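One structure below.
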Number of protein chains: 2
Amino acid sequence: MPPPPALRTDTFRRAISMRNALAPLSHTLNLGTPVSYRRNTEIFGEKEPADYAYRVISGSVRTYKILDDGRRQIGGFHLPGDIFGLLEFGDEHTFSADAITDTTVLVVKRKTLAVLAGRHPAIARELFTFTGRELRRVQDHVLLLLKTAQERVAGFLLEMAERTCAGNVVDLPMSRQDIADYLGLTIETVSRTLTGLESAAAIEVSTARRIVLRNRSALRRLDS
Amino acid sequence: MPPPPALRTDTFRRAISMRNALAPLSHTLNLGTPVSYRRNTEIFGEKEPADYAYRVISGSVRTYKILDDGRRQIGGFHLPGDIFGLLEFGDEHTFSADAITDTTVLVVKRKTLAVLAGRHPAIARELFTFTGRELRRVQDHVLLLLKTAQERVAGFLLEMAERTCAGNVVDLPMSRQDIADYLGLTIETVSRTLTGLESAAAIEVSTARRIVLRNRSALRRLDS
DNA sequence: CGACCATTTGATATGGATCAAGCGATGTGG
DNA sequence: CCACATCGCTTGATCCATATCAAATGGTCG
């Protein structure tokens with residue numbers, strides 16, 4: 001919504017200097033202008049012109065749609081290193097995005113990326129790889145929605161543990177409602193399932209937002 | 001599975017001459033070698049090297065995964081004009097594909113497409129557009145799986161009607177089991193739902209495989 | 001401390017799965 | 001040409017996972 005400042009050489013340099021061990025798309029996509037959003041504020045809305053793509057530096061983002069019946073479906077959670085807003089069909093965003101926690105992102109014009117990709121095959125290849133990974137992610141989401149509540153929650157926890165790379169302690173940035181809207185369940189079911197997993201000694205719910213994985217293989221079994 | 005003959009200049013020319021009013025990706029992707037498959041035969045299997053991409057000329061194809069618990073999830077149905085097998089993460093197919101009915105496809109090396117895309121920005125752009133459309137399709141599949149049985153079936157019929165472009169008469173190439181595995185339902189539920197839609201005068205089930213849409217707006221309302 | 005919001009827990013309802021049987025079309029051998 | 005087997009589909013009865021409705025608990029921030 002707030003159009004970020006145009007990409008200028010100095011901001012470009014500044015962004016490049018911020019390059020760090022952000023996950024997998026090495027370096028070429030580490031450009032753009034840093035912009036920050038406060039918790040629960042909108043980054044962009046569905047149907048808005050998709051001029052910019054974003055990469056998370058710190059914090060966390062959810063992308064979602066509001067369905068006709070008022071329910072909200074979360075398409076994905078985006079953690080540091082992740083890109084979002086890039087792959088849109090046509091010129092409008094197909095999802096809304098907002099910051100779950102206070103978040104800083106790098107903003108870059110999609111058009112700029114397109115030009116760069118045209119000029120540098122390496123960048124084009126990276127974009128293509130990213131696209132493949134994104135497609136895979138959405139396909140996995142389809143498979144997730146076919147499973148039982150227990151499998152969905154167990155799978156979600158394992159995925160978050162992997163993505164946050166923090167051993168067995170998973171600090172969830174998102175609320176139960178967010179999780180429910182991602183997994184296609186209700187908050188009650190998510191809560192009950194977590195309680196169930198705790199009774200089964202697979203996890204420990206330290207606080208609502210902090211889960212400790214006690215028995216990964218059990219979780220993996222439940223994930224099936 | 002049966003590795004198609006290598007792309008040679010004469011087959012290339014032959015394929016180009018077959019160019020016709022196949023749907024949306026105009027012409028540049030209308031190249032490759034025609035190959036035919038009989039009904040219910042495998043085109044490729046999951047985990048096989050993804051050397052080739054395919055475009056349906058005539059017939060129909062399903063792509064699917066077999067899940068750990070033995071269920072089958074159909075990722076999509078591919079009708080004349082559609083491309084499949086192109087977007088794979090890495091070098092292996094992530095889905096299996098087989099012919100639903102007797103089917104002819106154009107086969108082209110993915111590598112060839114990559115080279116062509118590198119050389120011709122127009123082709124690169126077409127591939128990118130296709131990718132965006134594919135991503136959208138999978139995202140829509142996610143949304144589909146959140147709906148009620150009635151909404152899924154109604155939405156499926158509307159989609160098929162649109163894709164086959166045959167007015168109100170929809171000739172389904174696939175079985176109830178295929179539909180169920182696509183919609184994440186059981187055959188019983190699909191069957192009952194169709195009967196229900198017929199009672200509601202929204203459709204007419206002429207034969208098991210031929211559905212006539214009697215009241216699209218009602219269907220659209222049920223699709224929500 | 002008190003208010004508010006997120007989460008958990010409890011009781012009940014329900015949509016779709018499962019189990020089981022019947023039916024209709026298609027094809028095959030006698 | 002018909003009897004019969006087969007396969008895909010429909011219909012029926014029951015069960016179960018998750019939604020829904022409702023209330024209690026707990027954590028956070030003024």
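All chains are named by letter (A, B, ...) in the order of the sequence lines, taking the proteins before the strands, and each is independently numbered beginning at 1. What you see is a predicted model, and the numbers here were worked out from it, not measured in a lab.
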How many Å lie between [atom1] on [X] and [atom2] on [N], as a whole number?
| X | N | atom1 | atom2 | answer |
| --- | --- | --- | --- | --- |
| B:Gln150 | C:dT14 | CD | P | 16 Å |
| B:Asp181 | C:dG16 | CG | C1' | 15 Å |
| B:Arg210 | D:dC9 | CZ | P | 16 Å |
| A:Ile179 | C:dA6 | CD1 | C1' | 12 Å |
| B:Leu194 | D:dG8 | CG | C1' | 14 Å |
| A:Arg71 | D:dT18 | CZ | C1' | 13 Å |
| B:Ile187 | D:dG8 | CD1 | P | 10 Å |
| A:Leu183 | D:dA19 | CG | P | 10 Å |

Students often get this wrong, so: under 4.0 angstrom with heavy atoms, is [X] touching a base, only sugar-phosphate, or nothing?
| X | result |
| --- | --- |
| A:Ser175 | sugar-phosphate |
| B:Leu185 | sugar-phosphate |
| B:Gly184 | sugar-phosphate |

Measuring to OP1 and OP2 of [N], would you say a side-chain N or O of [X] lies under 4.0 angstrom away?
| X | N | answer |
| --- | --- | --- |
| A:Thr189 | D:dA19 | yes |
| A:Arg209 | C:dA6 | no |
| B:Arg192 | D:dT11 | no |
| A:Thr186 | D:dT18 | no |
| B:Thr195 | D:dT11 | yes |

Test: B:Glu159 and B:Arg163 ion pair at under 4.0 Å =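 Yes, charged N to carboxylate O under 4.0 Å.
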Test side chain to side chain donor-acceptor pair (under 3.5 Å) on B:His93 and B:Glu88 and set out the steps.
-> CA-CA 6 Å; B:His93 285 297; B:Glu88 305 291 350; 3.0 Å; yes
State yes or no: are the ring centers of A:Tyr52 and A:Phe44 separated by less than 6.0 Å?
->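 No, ring centres 6.0 Å or more apart.
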Flag the pair B:Phe95 / B:Phe84 as yes when their ring centroid distance falls below 6.0 Å, and as no otherwise.
->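 No, the ring centres sit 6.0 Å or more apart.
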Which of the following nucleotides, [options], is nearest to the side chain of [X]?
| X | options | value |
| --- | --- | --- |
| A:Ala208 | D:dT20, D:dT10, C:dT7 | C:dT7 |
| B:Glu188 | C:dA17, D:dG12, C:dT8 | D:dG12 |
| A:Ser191 | D:dT10, D:dA19, C:dT7 | C:dT7 |

Under 3.5 Å, is there a donor-acceptor pair between the B:Asn40 and B:Arg62 side chains?
->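 There is such a pair (donor and acceptor under 3.5 Å, judged by atom type) between the side chains of B:Asn40 and B:Arg62.
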